[in-house]
Enquirer: 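Before I ask anything, let me first share the structure, which is written out below as structure tokens.
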Amino acid sequence: MGDTFPRGVAALAAGLARGEFSSVELTRHYLARIAALDGRLNSYITVCAEQALTEAAAADAARAAGRAGPLTGVPYANKDIFCTRGVRTSCASKMLDSFIAPYDATVCERLRAAGMVMLGKTNMDEFAMGSSNETSFYGPVANPWDLDRVPGGSSGGSAAAVAADLAPIATGTDTGGSIRQPAAFCGISGLKPTYGRVSRYGMIAFASSLDQGGPMGLSAEDLALMLNAMAGFDPRDSTSVERPDEDFTRALDLPLAGLKVGLPREYFDAGLDAGIRTAVEQAAKVLEAQGATLREVSLPHLDLAIPAYYVIAPAECSSNLSRFDGVRFGHRCENPKDLFDLYCRSRGEGFGAEVKRRILIGTYALSSGYYDAYYRKAQQVRRLLRDEFNAAFAEVDMLLGPTTPTVAWRAGAHASDPVTMYLGDIYTTAANLAGLPALSMPGGLVDGLPVGVQLTARHFDEARLLGLAHRYQQETDWHTRQPALA
Amino acid sequence: MAISNEEVAAVARLARLGLDPEDIPGYAAQLSGILAFVARLNEVDTSAIEPLAHPLDLHARLREDAVTESDQRDAFQTHAPAVEAGLYLVPKVIE
Amino acid sequence: MQWETVIGLEIHAQLATRSKIFSGASTAYGAEPNTQACAVDLGLPGVLPVVNREAITMAVRFGLAIDAQIAPLSVFARKNYFYPDLPKGYQISQYEDPIVARGRIDIDTEQGAKTINITRAHLEEDAGKSLHEDFHGATGIDLNRAGTPLLEIVSEPEMRSAQEAASYMREIHRLVRYLGICDGNMQEGSFRCDANVSVRPVGQAEFGTRAEIKNLNSFRFIERAIEYEVERQIDLIESGGKVVQETRLYDPDKDETRSLRSKEDAHDYRYFPDPDLLPVAVTQADIDAVRASLPELPRQKIARFVTELGLGREEATTLANDAEVAAYFERAVAVHPASARQVANWVMGELFAALNRDNLAISASPIKAEDLGRLVERVTDGTLSGKLGKQVFQSMWTSGRDADAIIEAEGLRQVSDTTLIEVAVREVLAANADQVEQFRAGKDKVLGFLVGQVMKKTGGKANPALVNELIRTEIAR
């Protein structure tokens, strides 16, 4: 089990193309691994064995008929935030425990059209709110590197599944680091594209102006292949950016000579774990050795990214989650005595503690008398931060830094104090506020746990971002390390 | 910036969020902590800065006025909590 | 004490788009419950709004017609509150940056024309409907209307009587129909109004506390509701009470307003820019294009009917009130420009009566405007008498043929041939010697009888003026 198939999308696609194995065989292999191992990880909420095999058979038939694309027959795991027609979409919430969307998210449509095979829906923090995957209604996800530790969140199920080879690649969503931080904690690569690159249609909203879907996989090359299928203009999403489709693999092999990489001073502050600092510095040297020039830059107000984020994201979420009211879909309380009771109990029962906390904070921040002090202020700081990034990108092409200040922590470590957990988002939230593409890739191990190195690029510069990561991965092998479990 | 139990209850009411009364002091403490943390935003003078609602300075793309949706009531109501005669039912609304 | 009434109106006009403001679902009225509520209208998880271009164009159309400023960038915000007919838990509406601001419109009052300033007009989505018939003690929710585009038109508090408020409402109603942006159907709720009403002692500068009367959907109700409310407020103050700021509902059956929501349920709408939507840009080129397509507006048309066509103000107003009537009238006049007043009389007389009788809209009139113009011409040029004209009109109405065809086929041409009429006159005079004597003796009234006899003899086709003249000549001979 496991050694008959290569790892990674690029290798699997090549094997399928050469006829070394069929999509059905590959899908069976993954379904068997999930059945054998996921009891220890809890990375999937729903496994779609039958449907996956049907899709795999269709992919094989398409290939036989000469209609195969680059990803035809490659399995993937889908974060349970993307609506899937006919398969429950729970957002890891009791509220949607019985919700079956009558439509596919645009991302799912696109991946289906690319011939990919959906293995199942992955676990996550409830409504994508959390950094540890401990807020799921379906229970926490374990980190494959150490089952007592968290996999990160909110896309913790996708990260754990890919790290443990329960899927070759997965979808994730990133509102304040929800792709990059679990990718870092689980030792995989994850990309948050530019805001507007990947359609949000059918992706259950947490904070609409920050949310962005993206791929989570083993290498930058895999991310580029998956992004080719995921990204693209969607007329159903007003914030989707109208640009010609592009090939995100096009810059994978470009040399780094002449590329200017900035190291933001503020990324290396006192809160950064020493081992992670060393890993990032070594990554910088690898890039420099390949011809990139390094330069220190400054993002003076980076420390305000988390406070701004923890006003804007809850404010948007408090409104986005109002539709879960027990009237048209989702959880409804028993025997409501009146309308007010219907709302309060359905929502009180349907949402978990972290979701409630964020709804309360967001409602407060938007309420009469507080709007200017909180929401407006945070949006002003948001512009300040974006302008500081723009200024930095006037000097350099890419930014390099850590993804997280620490490696994965033990489950339950931050249960009583949300703010200490929020502080872990220090390096990731700014990219969402500014709408920038950012990627986390494995850059070392500290105490046997993976370290994430983060690269951030200008808007719409994903191809070069992936190229830089790919060059790094050509020179290092951190991304090939596997947890013992796998 | 401390937030009282009463304020938590009022915000919960506004958000139609049923809270267990026992949990309210805990929420009050946590929300107070979060508000104290986000108060750091006041460290910077933003009086001359326009708020930024979206990371990209783009304008709305408009849709042509055409009917593109057909009736899918049955599909939409399959999983609805309470439906009769095509209507969603809620406890009596008194006006 | 002398009291002054202060009224401001918020009019909600449903825009006549085919599809909804943020989704591709139909806006047609009267469908089975929830069959026109798509995933976006229902606020299902993950779905997103996309703005309908036509709704923007219609708002700009209105803005230009009231000489307002069109915002180069307008922003959709969320108004957050829970209500079962509001599927997302928020209404998408424009708040700080409406598309139309600072316009004005003239209205007719007893003291003459008066300008009412319009603070703003903004776009928003309509809510669904709650059906309170008993479903085992439950309320049923129909979301077909949810997402229908509304233009909310907010006036300054510049109206000083219920009559002025009704006049303003009529003026806006006429305008939106002229512009083709709203069908104005008040029974179906396409055009409805909230009135903010307060009173203050005459001479006082500050406004009194206002009450908002919700959902007034007829010109008659708005007058009665405001009159009731003004009286209620004055009585309240004069008996030592205080007006509270609240929402009230007008009950036409009882002819009274009553408080709708208690104060403890005070709303905090938590407006903020909708992060699912981007600012809407309207360029100068967009504005120019809309301006070029604007029709002549009602008050301009009335003025032109008076000055250029010589109509009375009242006639002009009647004809110009409805854009389709006005267009019909103008097409008829174009056939026969010399006699606009006569055309007006025929439109307001015969045509309106026939439309009323058969319950038809003018667009469904069996007589085309051009044909009516031709008929009027046949009357004014003497081919037909007035009476024959009416006969031909009825024949046109039922057959759909034009006047000339009917005149030809039925031989109804008025006879103006003197020799033919002279023969009939001589015969009548010979047969009615007594009456001829009476006439000679100065009894002028008999003339009418004699004319009638000649008309009878000629089958009504003789030109009555000519008959009259020939009788006088013959008797005087």
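All heavy atoms count here, side chains included; hydrogens, waters and symmetry mates do not. Protein chains get the first letters and strands the later ones, always in sequence-line order, with residue 1 at the start of each.
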Enquirer: Using non-hydrogen atoms and a 4.5 Å limit, figure out which bit of B:A75 sits close to chain C: side chain, backbone, both or neither.
Expert: neither
Enquirer: If the contact rule is any heavy atom under 4.5 Å from chain B, which residues of residues 32-46 of chain C qualify, in numerical order?
Expert: C:E32, C:P33, C:N34, C:T35, C:A37, C:C38, C:A39, C:L42, C:L44
Enquirer: Please say whether more than 12 non-hydrogen atoms of neighbouring residues, nucleotides or ligands are located less than 6.0 Å from CD in B:E22.
Expert: no
Enquirer: Report yes or no: does B:H54 contribute a side-chain atom to a donor-acceptor pair with the main-chain N or O of C:P275 at less than 3.5 Å?
Expert: yes
Enquirer: Pick one of side chain, backbone, both or neither for C:P279, based on which atoms fall under 4.5 Å of a heavy atom in chain B.
Expert: both
Enquirer: Under a 4.5 Å cut-off applied to non-hydrogen side-chain atoms, are B:L14 and C:Y81 in contact?
Expert: no
Enquirer: Strictly less than 4.5 Å between heavy atoms, which residues of residues 21-28 of chain C line up against chain B? Please order them by number.
Expert: C:I21, C:F22, C:S23, C:G24, C:A25, C:S26
Enquirer: Identify which of B:P51, B:A15, B:A60 forms the greatest number of heavy-atom pairs closer than 4.5 Å to chain C.
Expert: B:A60
Enquirer: What's the separation between atom NZ in B:K92 and atom NE2 in C:H136, rounded to the nearest 0.5 Å?
Expert: 11.5 Å
Enquirer: Among residues 66-74 of chain B, which ones touch chain C with a heavy-atom distance under 4.5 Å?
Expert: B:A66, B:V67, B:T68, B:E69, B:D71, B:R73
Enquirer: Checking side-chain polar atoms at under 3.5 Å, does B:D65 have a donor or acceptor matched by the opposite partner on C:S19?
Expert: yes
Enquirer: To the nearest 0.5 angstrom, please state how far the CG atom of C:L277 sits from the NE2 atom of B:H59.
Expert: 13.5 Å
Enquirer: Measuring only between side-chain heavy atoms, which start at C-beta, is B:L89 closer than 4.5 Å to C:I141?
Expert: no
Enquirer: Quick one: does any side-chain atom of C:T139 pair with a main-chain N or O of B:V93 as donor and acceptor, under 3.5 Å?
Expert: yes
Enquirer: Within residues 89-97 of chain C, which residues come under 4.5 Å of chain B, heavy atom to heavy atom?
Expert: none
Enquirer: Can you confirm whether C:R53 sits close enough to B:E64 that some side-chain heavy atom of one is under 4.5 Å from a side-chain heavy atom of the other?
Expert: yes
Enquirer: Taking C:V51, C:N52, C:L73 one by one, which has the highest count of heavy-atom pairs under 4.5 Å against chain B?
Expert: C:N52
